[in-house]
Enquirer: 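Just passing along the structure, written as structure tokens.
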Amino acid sequence: MLKVVTWNVNSVRARSARLDAFLARHQPDLVCLQETKVLDDQFPAPAVEGYRYWSHGQAGRNGVALVSRHELADVQRGFPGDPSPDSARVISASLGDVRVIGIYVVNGQSVGSAEYELKLQWLDALGRWVREAHSPVEPLLVAGDFNIAPTDDDIYDPAAWEGQNLASGPERERLGSLLRWGLTDLMRLHHQGPGPYTFWDYRAGAFHRGWGLRIDLALATQPLASRSTAVEVERDERKPTFGEGKPSDHAPLILTFE
DNA sequence: ATGTCACTTTACAAGTGA
């Protein structure tokens, strides 16, 4: 059995106690973290016995990392062709025969903004790299915060979000091209929509009101997707009353493979 | 849409990004 997690922690230092408790509780093989918001030499080492980390961070924003209780091979930070190479958004590594790419997609701010144009260019570049460097017949996992709700089933109020950033056609089309190449949205192998959601804005009491989005995704090629036995959102981690300290605005996604 | 959070700076609040 293989257990892999993706979690946008919104600062790994602020979430260190929760991350340790999560590791102790679930004993995942590998965790992909996003928005670590920390330089590599200031990354808080996991306190749980057996876990190591590989960080690709920067000060204050972005940042991705892999936390694993196994040795990882061929750890690669960033990717060739990144139009925004100073932003730390991608870390990839091999765990046994599985290649894992942990990603934090450009947020995009609002449709028509410069950030949104960068998001589309970034997604194009990511797609080119994935297609060039990998094959759909090899076991590949692309997991992380995509900042894209794939369909209206992934949004609490699709009408309010129609055409907006996170839900717009052009970004969904970029995601679609990855799926057509040979990646499967693992959540939908096990759960039909609407929901579950993985992100609730801190503002406006969004979590309490059920205003969620599914923007944290795990995509796998067929050799790996065929081994997928469960995909679950650890919704408790979004609760202010759960665990130690404040929650991230994202809940972890737990992937189980046979 | 916006009832928050975490970061940074030269800090003892305000701006930024999400």
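Protein chains get the first letters and strands the later ones, always in sequence-line order, with residue 1 at the start of each.
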Enquirer: On the nucleotide B/dA6, are OP1 or OP2 found under 4.0 Å from the side-chain N or O atoms that A/Arg13 carries?
Expert: no

Enquirer: Taking atom types as modelled, is there a side-chain donor on A/Lys119 or A/Asn147 under 3.5 Å from an acceptor on the other?
Expert: no

Enquirer: How many whole angstroms separate atom NE2 of A/His250 from atom P of B/dT4?
Expert: 18 Å

Enquirer: Please state how far atom CH2 in A/Trp200 lies from atom C1' in B/dC5, giving the value in whole angstrom units.
Expert: 17 Å

Enquirer: Given B/dA6, is OP1 or OP2 found less than 4.0 Å from the side-chain N or O atoms of A/Arg15?
Expert: yes

Enquirer: What is the nucleic acid contact for A/Trp161, judged by heavy atoms within less than 4.0 Å: base, sugar-phosphate only, or nothing?
Expert: base

Enquirer: Taking the side chain of A/Arg203 as its heavy atoms from C-beta onward, which of B/dT2, B/dG3, B/dA6 lies nearest to it?
Expert: B/dT2

Enquirer: What's the closest nucleotide to the side chain of A/Arg61 if the choices are B/dA18, B/dT2, B/dA6?
Expert: B/dA18

Enquirer: In whole Å, I'd like the distance from the OH atom of A/Tyr202 to the C1' atom of B/dC7.
Expert: 12 Å

Enquirer: Within this structure, what is the CG-to-C1' distance between A/Asp201 and B/dT2, rounded to whole angstrom?
Expert: 7 Å

Enquirer: Measure from the side chain of A/Tyr104, starting at C-beta and using heavy atoms only, and say which of B/dT2, B/dA6, B/dA18 lies closest.
Expert: B/dA18

Enquirer: Do A/His56 and A/Asp40 have a side chain donor and acceptor closer than 3.5 Å?
Expert: no

Enquirer: Measure CG/A/Asn8 against P/B/dG17 and give the value in whole Å, please.
Expert: 17 Å

Enquirer: What is the separation between atom CG on A/Asn10 and atom P on B/dT8, rounded to the nearest whole Å?
Expert: 12 Å

Enquirer: Would you confirm whether A/Arg89, through its side chain, and A/Asn62, through its main-chain N or O, come within 3.5 Å as a donor-acceptor pair?
Expert: no

Enquirer: How many Å lie between CG on A/Asn107 and P on B/dA6, as a whole number?
Expert: 18 Å

Enquirer: Ignoring hydrogens and geometry beyond distance, is a side-chain donor-acceptor pair present between A/Glu35 and A/Asn8 at under 3.5 Å?
Expert: yes

Enquirer: Would you kindly give the CZ-to-P distance between A/Arg209 and B/dA1, to the nearest whole Å?
Expert: 12 Å

Enquirer: Measuring from A/Glu232:CD to A/His190:NE2, what's the distance to the nearest 0.5 Å?
Expert: 8.5 Å

Enquirer: Please pick, from B/dA1, B/dA18, B/dC7, the nucleotide with the shortest atom-to-atom distance to any side-chain atom of A/Tyr156.
Expert: B/dA1

Enquirer: From the set B/dA6, B/dG3, B/dA18, return the single nucleotide nearest to any side-chain atom of A/Glu115.
Expert: B/dA18

